[in-house]
Amino acid sequence: MTAEFDYIIIGAGSAGCVLADRLSADGRSRVLVLEAGGHDDWIWLKIPVGYLFAIGNPRADWCFRTEAEAGLNGRSLGYPRGRVLGGSSSINAMIYMRGQAADYDHWRQLGLPGWGWDDVLPEFMRQESHHAGASAHHGAEGRLRVEPPRLSWRVLDMYRDAAAQAGIPPVSDFNCGDNEGAGYFEVTQQRGTRFSAARAFLRPAMARTNVTVETGCLVHRVDIVDGRARAVEWRQGRSLRRVQARGEIILTAGSIGSAQILMRSGIGPGARLQELGIPVARDRAGVGANLQDHLQLRMIYKVSGVRTLNETYWNLGRRALMGLDYVLRRRGPLTMAPSQLGLFARSGPDIGRADLQFHVQPLSLDKFGDPLHRFPAITTSVCHLRPESRGHVTITSPDPESPPVIALNYLTAPRDRQVAAAALRLARRISAQPALERIRPQEFLPGPGVGDEDEALARAAGDIGTTIFHPVGTARMGQTDDPLAVTDARLRVIGINGLRVADASVMPTITSGNTNAPTMMIAGRAADMILSDRH
């Protein structure tokens with residue numbers, strides 16, 4: 001291996017793939033990408049419905065677990081994170097969602113220039129190859145393919161009609177800055193196959209002679225010498241390896257991984273690092289703090305007189321036809337993202353913009369990886385888009401094999417419990433609309449025994465709530481005099497030269513929707529900053 005590289009990228013997830021493509025585009029800069037997982041050549045990483053088999057499988061997932069959560073009535077959750085080329089974009093829901101313009105304008109108002117909606121929209125458009133072509137809000141020349149779903153369900157159309165009767169009107173495009181309304185999600189697919197960040201960005205980069213991609217690399221630490229990031233040390237198989245950086249080292253290991261690597265490198269809460277015997281390179285209390293996620297409340301309704309995937313799944317003949325339809329036409333249920341219909345709504349009349357997101361599915365199951373239920377049903381998952389609860393990630397040892405401590409502290413903020421109750425109440429109101437009367441929805445989870453009072457609904461939320469896989473914020477951007485900021489507005493680790501973080505961990509506050517597209521946007525902005533600072 002070359003003794004030195006211009007850029008070393010740690011993590012080949014959504015952000016790392018974008019950076020590998022952009023930083024190597026000149027054909028001269030030598031770029032090394034280190035990925036802890038393996039190659040993305042498994043069939044279930046290509047077929048969209050394969051997320052059912054990839055999540056929870058160590059072949060593609062870190063298989064983390066959270067601490068027992070008081071807000072979830074003492075439950076611990078499985079916490080999937082992609083461990084494969086493409087990272088979580090290889091196992092995620094494929095939903096393309098930018099969030100709301102006000103999310104990014106809020107970042108700018110926090111004193112982070114260059115992160116307002118008008119600043120980030122061009123980057124979203126630059127990356128996008130949108131099925132409808134170029135427009136005022138969409139790009140057509142980018143590498144990331146965005147398409148509509150390739151099947152529809154009558155039960156979801158009926159639910160959209162019920163939402164309209166409940167005051168949530170139809171909308172044709174969630175990605176123009178205001179996503180309030182109901183409609184089908186657009187997905188990162190191409191003709192019925194998953195279009196991960198590895199497929200969109202890393203594959204073109206790997207075709208260049210100046211790019212080296214190494215898999216199976218468990219990064220120990222970034223070596224900090226005289227206040228500058230100089231090298232990366234990692235384990236690959238039975239070998240310990242170390243490579244120096246002529247230019248910059250960029251962390252793109254995600255909100256869980258990047259925080260761990262920073263702490264093992266001596267950047268983090270000083271007293272905690274000293275307890276673990278890690279020399280402190282920079283005392284930054286914010287490393288691992290400010291963890292935010294969207295908690296989805298999975299309500300299940302039994303239905304009748306309408307087709308859902310549950311009964312199709314348990315009919316062997318229909319299941320065979322599903323496979324045939326996919327092989328011959330790349331259509332049918334095997335092209336399904338986990339959620340097809342989306343709703344964005346307000347939890348109350350005093351809320352200025354949508355703060356709830358529904359993911360509506362024509363199926364039901366106890367949890368991902370379990371078989372579908374044998375009765376026809378739909379799932380209406382709803383999450384609070386801007387939670388106030390904050391968690392943390394920390395390490396228990398300098399050993400990278402030791403699993404991290406992940407504590408989300410879901411539903412510990414009183415406001416989050418109020419919004420959870422309002423969310424479940426809204427879902428019940430939609431299910432009672434005339435548009436659904438014919439299919440007689442019956443609440444299966446949390447169940448009709450749960451009352452409609454705030455406290456009863458908030459406790460039920462703790463029983464049925466689970467992650468929707470959107471951790472952000474553990475290396476958040478902030479002004480350099482902010483003691484809890486980890487990175488500045490140009491994503492440089494404060495107090496350390498030659499080291500940046502460029503993934504979802506830098507978000508100061510979570511975006512109002514799915515976080516994969518914003519993560520790729522952040523990486524694209526980071527690439528521009530890195531190249532600009534170099535010259």
Side-chain angles (χ1 to χ4, degrees), residues 7 9 12-29 31 33 40 46 48 85-87 89-90 92 94-99 101 104 114-150 172-177 179 184-211 252 330 335 337 502-503 511 513-532 534-535:
Y7 303 110
I9 299 168
S14 298
C17 292
V18 172
L19 279 158
D21 181 35
R22 297 274 275 275
L23 296 181
S24 65
D26 63 5
R28 298 185 305 275
S29 299
V31 177
V33 183
D40 60 336
K46 311 298 182 185
L85 292 181
S89 77
S90 290
N92 71 354
M94 296 162 282
I95 294 172
Y96 184 80
M97 184 64 59
R98 296 170 177 171
Y104 304 100
W115 291 101
W117 174 249
D118 290 341
D119 302 306
V120 304
L121 179 58
E123 180 59 38
F124 280 120
M125 295 173 64
R126 177 181 181 179
Q127 294 181 9
E128 189 182 31
S129 171
H130 194 267
H131 66 94
S135 67
H137 291 97
H138 292 288
E141 303 300 324
R143 296 199 187 278
L144 184 69
R145 185 63 179 168
V146 177
E147 295 186 349
R150 292 173 70 82
S172 60
D173 191 342
F174 287 128
N175 287 302
C176 297
N179 53 19
Y184 279 90
F185 291 121
E186 293 184 326
V187 290
T188 49
Q189 292 183 13
Q190 185 176 53
R191 294 189 294 276
T193 59
R194 177 185 289 272
F195 213 82
S196 69
R199 184 176 174 186
F201 301 104
L202 190 61
R203 290 283 176 267
M206 292 173 70
R208 301 176 184 135
T209 58
N210 58 323
V211 175
T252 54
R330 292 292 188 267
T335 69
D503 56 31
T511 53
N514 308 74
T515 53
N516 191 51
T519 299
M520 290 185 283
M521 177 277 294
I522 288 169
R525 297 281 295 144
D528 286 346
M529 294 171 183
I530 292 167
L531 294 172
S532 173
R534 179 180 182 180
H535 300 298

Query raised in the report: So which heavy atom on G86 is nearest to which on S90, and how close?
Result: CA-OG, 3.5 Å

Report task. Quick one: do I530 and L19 satisfy side-chain contact (heavy atoms from CB on, under 4.5 Å)? Show the steps, please. Result -> CA-CA 10 Å; I530 292 167; L19 279 158; 4.1 Å; yes

Requested in this report: Please check if the side chain of N210 supplies one atom and the backbone of S24 the other of a donor-acceptor pair under 3.5 Å.
Outcome: yes

Query - Spatial distance of atom OG (S135) from atom CG (D173) [nearest 0.5 Å] - result: 7.5 Å

Report summary line: The reported gap from CZ in F195 to OH in Y96 (rounded to nearest 0.5 angstrom) is 13.0 Å

Report summary line: Heavy atoms of R534 and S29 approach each other most closely as NH1-OG, 2.5 Å

Query raised in the report: Rounded to the nearest 0.5 Å, how far apart are CG of L144 and CZ of F201?
Result: 5.0 Å

**Report entry** Separation of I522 CD1 from M520 CE (nearest 0.5 Å)
**Finding:** 11.0 Å

Report summary line: What one should report as the nearest heavy-atom pair of L85 and D40 is O-CB, 3.5 Å

Requested in this report: Please confirm whether the backbone N or O of R191 pairs with a side-chain atom of E147, one donor and one acceptor, at under 3.5 Å?
Outcome: yes

Query raised in the report: How close do N175 and W117 get, heavy atom to heavy atom, and via which atoms?
Result: O-CH2, 4.3 Å

Report summary line: Heavy atoms of A502 and T252 approach each other most closely as O-CG2, 3.7 Å

Query raised in the report: Between R199 (side chain) and R194 (backbone), is there a donor-acceptor pair under 3.5 Å?
Result: yes

**Report entry** Residue pair N516 / S14, side-chain donor-acceptor N/O under 3.5 Å
**Finding:** yes

Report summary line: When rounded to the nearest 0.5 Å, the distance separating NE2 of H138 from CZ of R98 is 5.0 Å

Requested in this report: For a side-chain contact (heavy atoms from CB on, under 4.5 Å) with R145, tell me which candidate from E128, H130, H131 qualifies.
Outcome: H131

Query raised in the report: Atom CD of Q127 and atom CE of M521: how far apart are they, to the nearest 0.5 Å?
Result: 8.5 Å

Report task. Measure from the side-chain N and O atoms of R525 to the backbone N and O of V120, and report whether any donor-acceptor pair falls under 3.5 Å. Result -> no

**Report entry** Donor on one side chain, acceptor on other, T335 and R150, under 3.5 Å
**Finding:** no

Query - Any R22 side-chain heavy atom under 4.5 Å of D528 side chain - result: yes

Requested in this report: Kindly give the heavy-atom pair with the smallest separation between A140 and S129, and that separation in Å.
Outcome: O-OG, 3.8 Å

